[in-house]
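For reference, the structure is listed below as structure tokens.
Computed from heavy atoms alone, side chains included, the values below leave out hydrogens, waters and symmetry copies. For reference, positions follow the sequence shown, starting with 1. These numbers were taken from a predicted model, which means no experiment stands behind them.
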Amino acid sequence: MDLPRIFTIRESSHRLHNPITPGKLAALGQALHLEPGTRVLDLAGGSGELLCTWARDHGVTGTGVDISTVFTEKARARAAELGVADRVTFVHGDAVGFVADEPVDVAACVGATWIGDGVAGTVELLGESLRPGGLTLIGEPYWRREVPDQETAEACHARGKDDFLVLPELIEQFGELGYDVVEMVLADQDSWDRYQAAQWLNLRRWLDRNPGDELADEVRAELTTAPARYARYQREYLGWGVFALMRR
């Protein structure tokens with residue numbers, strides 16, 4: 001059970017595996033008024049930056065779960081680097097269906113709603129770990145503007161334009177699920193640049209070191225086409241945000 005190698009190659013230098021910058025992650029933590037001892041569950045949390053930095057800055061405790069062995073080890077190393085290994089735990093495992101042993105104050109899935117087969121299922125899954133009155137954090141893409149055709153949708157890693165909503169409709173969906181939106185931090189185009197463009201340097205450096213690897217042709221093809229495709233489609237049409245929710 002692990003991520004395909006191409007994912008860890010592509011994001012080998014990333015601490016955050018989505019288009020939220022360290023500054024925006026810090027702003028989110030401040031906006032939520034996190035108190036020392038707040039218990040956090042972070043599903044599909046990647047390299048653990050949310051838990052580790054919030055443990056350092058706000059004194060939270062918690063558990064992160066991710067399917068990648070590489071990212072899980074990076075999370076443990078980051079916790080040791082920041083001196084918070086006694087406050088946070090990282091589990092290598094499938095976040096699908098994962099429920100905390102005890103109710104938590106914050107249940108998060110920041111950018112991987114596939115674990116619940118979409119927004120509604122992920123909100124439901126997180127709710128199984130959440131104490132009454134706790135916070136749910138969901139990271140999810142949305143369309144910045146109307147998508148003109150199927151080609152554009154697919155270039156934004158969607159099966160079709162119905163995969164994502166525009167921002168007002170996404171917020172309305174949370175309400176239809178019985179939740180109030182109580183905070184949000186949105187990626188901007190620079191956030192996307194920092195996430196996406198860093199992947200190209202990772203790919204190129206890996207390719208230079210591993211020209212004979214079985215993935216070399218795939219990496220070369222991606223590096224050749226990804227920058228222009230990103231600039232033409234994803235940067236213009238795809239938004240992303242983290243939304244804090246409380247059950248009504």
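Not counting sequence neighbours, Tyr142 has no partner by the ring-ring contact (aromatic ring centres under 6.0 Å, His included) test. Here Arg76 pairs with Glu73 under the salt bridge (Lys or Arg N to Asp or Glu O under 4.0 Å) rule; sequence neighbours left out. Residues forming a salt bridge (Lys or Arg N to Asp or Glu O under 4.0 Å) with Asp180 (at least two apart in sequence, or on another chain): Arg248.
Ser13 and Asn202 share a donor-acceptor pair across their side chains, judged by distance under 3.5 Å alone. Between the side chains of Arg247 and Tyr179, a donor-acceptor pair is found at a separation under 3.5 Å.
For the ring pair (Phe, Tyr, Trp, His ring centres under 6.0 Å) with His17, the lone residue among Tyr195, Phe7, Phe71 that qualifies is Phe71.
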Original post:
Could you go step by step and tell me if Thr69 and Asp2 meet the side-chain hydrogen bond (donor to acceptor under 3.5 Å, both in side chains) rule?
Top reply: CA-CA 6 Å; Thr69 54; Asp2 211 333; 2.5 Å; yes

**OP:** Kindly determine whether Arg56 and Thr53 satisfy side-chain contact (heavy atoms from CB on, under 4.5 Å), including the steps that lead there.
**Re:** CA-CA 5 Å; Arg56 177 195 63 191; Thr53 57; 3.9 Å; yes

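Nearest heavy-atom pair across His14 and Ala198 is CE1-CB, 3.6 Å.
Open room surrounds CG on Asp217; 12 or fewer heavy atoms of other groups in view lie less than 6.0 Å from it. Enclosure of atom CZ in Arg232 is not indicated, since only 12 or fewer non-hydrogen atoms of other residues, nucleotides or ligands lie within 6.0 angstrom. Enclosure of atom CZ in Arg5 by more than 12 non-hydrogen atoms of other residues, nucleotides or ligands within 6.0 angstrom is indicated.
Ring planes of Phe174 and Phe243: tilted class, angle from 30 to 60°.
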